Amino acid sequence: MNSLVIRADANAQIGTGHVMRCLALAQAWQARSGKATLVSNELAPALKGRLQSEGLELVSLGAVSNLNDDAAFLIETARAYNAEWVIVDGYHFDANYQHVIKKAGLKLLALDDNGDCEHYYADFILNQNLHATAELYERREPYTKLLLGTRYALLRREFLEWQNWERHIPEIAKRVLVTLGGSDPQNVTLRVMRALNEIDIKGMESIVVIGANNPHAKELEAVAAASCVTMRVEKNATDMPALMAWADVAIAGAGSTVWELAFMGLPSIVLRLAENQKEIARELAARDLGISISVCNDRTSELANGMTSLCLDSVLRSNISHRQQRLVDGAGAARVTSRLEA
């Protein structure tokens, strides 16, 4: 099986979501005896270590000044590794970028979320979200195939060990998982922690997961230590499925994490942390798969009230959990690599 070359970034502004869902694809490719290489820039040391421990070879993008140089470097790397397939994941990989990759004779899979590109030249477009429809991608080449919906949700292999796991729904939810992405530049995590302190549920506990690119770690740890809720901050968590299994409810950003939560059947309040998450949050709420709340202001009362209602309503949590687990079966990455191999 040929080598796979992936182009994705992770930093304090964009978080780690693009790289981590590409890791799921790389793992599925490796399971078919393939090799995977990630071309990236600005990776935090902890994230580098995680990726290398998963068997990925890392190539630094270096000092490129524009997207044309970026594409040229990617083509050069793909040829050096004898890669037939290239994967790109990032909102800046525009129509011209895709066209250049295709003109070089490479096969291209583009990961996408909202159909914002002016034209698509990729061989495959993968959009794992509920709102993904063919109408989003009418501006594509005749040969471009679509992989749409949660059937293709990309879960890393550590989640697959939890297939067929059954969640216990307690009468009152007291264990809260907070996970707002790998960077959280707006420090929404701090607002969530303050909201948890407003909830009057005896015995509440919380684990707050922050990523390698989070610049607010010391402040958050100090807030956790002074909290009236039993609370701890966990940095660079490597076993998210276990944390999701521990929790009764979650507060999460409306990014790729929502499909991990769905697989684990963990009822959640979903926060719209960026404009590109709006459709994901809207669809989850519309289909009763979670509670969507905006974080456009500093008020914590809406979040505290929503969390209290969810924690006290076991029927609602049970219904959400069952709907979630019917949505994501964990085989998305394997389905994608099967299509590439075929």
Side-chain angles (χ1 to χ4, degrees), residues 17 21 113 128-132 149-155 159-160 162-181 188-189 192 195-196 198-201 203-209 229 240-273 277-295 300-332:
R21 65 183 181 184
D113 288 310
Q128 63 181 355
N129 300 305
L130 281 171
H131 65 273
T150 56
R151 174 176 169 79
Y152 298 102
L154 301 176
L155 268 62
F159 282 92
L160 306 188
W162 293 80
Q163 281 180 321
N164 302 318
W165 175 73
E166 293 187 13
R167 173 170 294 282
H168 168 67
I169 304 294
E171 191 66 28
I172 298 175
K174 296 184 179 181
R175 295 178 173 181
V176 183
L177 179 68
V178 179
T179 173
L180 299 181
V188 177
T189 302
V192 171
L196 290 177
E198 296 180 16
I199 298 174
D200 185 18
I201 294 179
M204 177 168 280
E205 304 174 65
S206 179
I207 295 177
V208 180
V209 176
V229 174
M240 284 301 294
L243 293 177
M244 292 179 182
W246 167 85
D248 299 323
V249 291
I251 303 174
S256 299
T257 301
V258 299
W259 310 127
E260 300 170 359
L261 296 167
F263 177 78
M264 296 297 294
L266 182 56
S268 307
I269 287 186
V270 178
L271 305 182
R272 305 187 295 278
L273 303 177
Q277 296 180 351
K278 181 174 70 173
E279 290 300 317
I280 296 175
R282 184 181 64 81
E283 283 294 326
L284 287 170
R287 302 185 190 211
D288 295 323
L289 292 161
I291 298 171
S292 175
I293 294 178
S294 176
V295 289
T300 58
S301 56
E302 181 184 6
L303 179 55
N305 291 338
M307 200 64 193
T308 300
S309 296
L310 183 62
C311 287
L312 296 179
D313 192 337
S314 62
V315 174
L316 174 61
R317 281 182 280 114
S318 180
N319 290 338
I320 290 175
S321 181
H322 291 141
R323 282 191 290 265
Q324 285 177 313
Q325 290 188 300
R326 288 197 295 268
L327 198 66
V328 179
D329 64 6

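All values reported here derive from a predicted model rather than from experimental measurement.
Remark: L327 CG to T150 OG1 distance equals 3.5 Å, nearest 0.5 Å. Atoms CE and CE, on M240 and M264 in that order, are 9.5 Å from each other to the nearest 0.5 Å. In this structure, the separation between SG on C311 and CG on D200 is 12.0 Å, given to the nearest 0.5 Å.
Remark: R323 pairs with no residue by the salt bridge (charged side-chain N to carboxylate O under 4.0 Å, His left out) rule, at least two apart or across chains. Residues forming a salt bridge (charged side-chain N to carboxylate O under 4.0 Å, His left out) with D113 (at least two apart in sequence, or on another chain): R21. Applying the side chain to side chain donor-acceptor pair (under 3.5 Å) test to Q325 and every residue at least two apart in sequence or in another chain returns nothing. With sequence neighbours left out, R317 forms a salt bridge (charged side-chain N to carboxylate O under 4.0 Å, His left out) with no residue at all. Applying the salt bridge (charged side-chain N to carboxylate O under 4.0 Å, His left out) criterion to D329, with sequence neighbours excluded, gives R335.
Listed here is the closest heavy atom pair of Q128 and S256: NE2-OG, 3.4 Å. Taking both residues in full, the closest heavy atoms of Q277 and G253 are given as OE1-C, 4.3 Å, listed atom of the first, atom of the second, then distance. Between E283 and H131, the shortest heavy-atom distance links the atoms CG-CB, 3.7 Å. The shortest heavy-atom contact between A153 and W259 is CB-CB, 4.0 Å. Here the closest heavy-atom approach between residue P267 and residue R167 is recorded as CD-CD, 4.3 Å. Closest non-hydrogen pair, S268 versus L261, comes out as OG-CD1, 3.5 Å.
In this structure, the side chain of D313 does not engage the main chain of S309 through any donor-acceptor pair within 3.5 Å. Of the possible donor and acceptor atoms, one in the side chain of T308 sits under 3.5 Å from a partner among the backbone N and O of A304. No side-chain donor-acceptor contact under 3.5 Å links T300 to the backbone of A195.
Using modelled atom types and a 3.5 Å distance limit, the side chains of R282 and S292 yield no donor-acceptor pair.
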- Item | Pair V208-V192, side-chain contact (heavy atoms from CB on, under 4.5 Å): steps then yes or no | CA-CA 9 Å; V208 180; V192 171; over 6 Å; no
- Query: Does the side-chain contact (heavy atoms from CB on, under 4.5 Å) test come out yes or no for M244 and F263, once each step is laid out?
  - Reply: CA-CA 10 Å; M244 292 179 182; F263 177 78; over 6 Å; no
- Start with the C-alpha gap between N319 and D288, add the side-chain angles, then the distance that decides, and say whether side-chain contact (heavy atoms from CB on, under 4.5 Å) holds. CA-CA 9 Å; N319 290 338; D288 295 323; over 6 Å; no
- Assess whether side-chain contact (heavy atoms from CB on, under 4.5 Å) is satisfied between L310 and L316, documenting all intermediate values. CA-CA 7 Å; L310 183 62; L316 174 61; 4.0 Å; yes
Please tabulate, for the side chains in residues 168-181, all donor-acceptor contacts under 3.5 angstrom to protein atoms that are two or more places apart in sequence or on a different chain.
{"residue": "K174", "atom": "NZ", "partner": "K202", "partner atom": "O", "Å": "3.4"}

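Between I199 and V229 there is no side-chain heavy-atom pair separated by less than 4.5 Å. Side chains of N129 and E279 form no contact here, defined as non-hydrogen atoms less than 4.5 Å apart. Proximity of E302 to N305: side-chain heavy atoms (C-beta onward) are nowhere separated by under 4.5 Å.
The one candidate from L289, L284, I293 that meets the side-chain contact (heavy atoms from CB on, under 4.5 Å) condition with V270 is L284.
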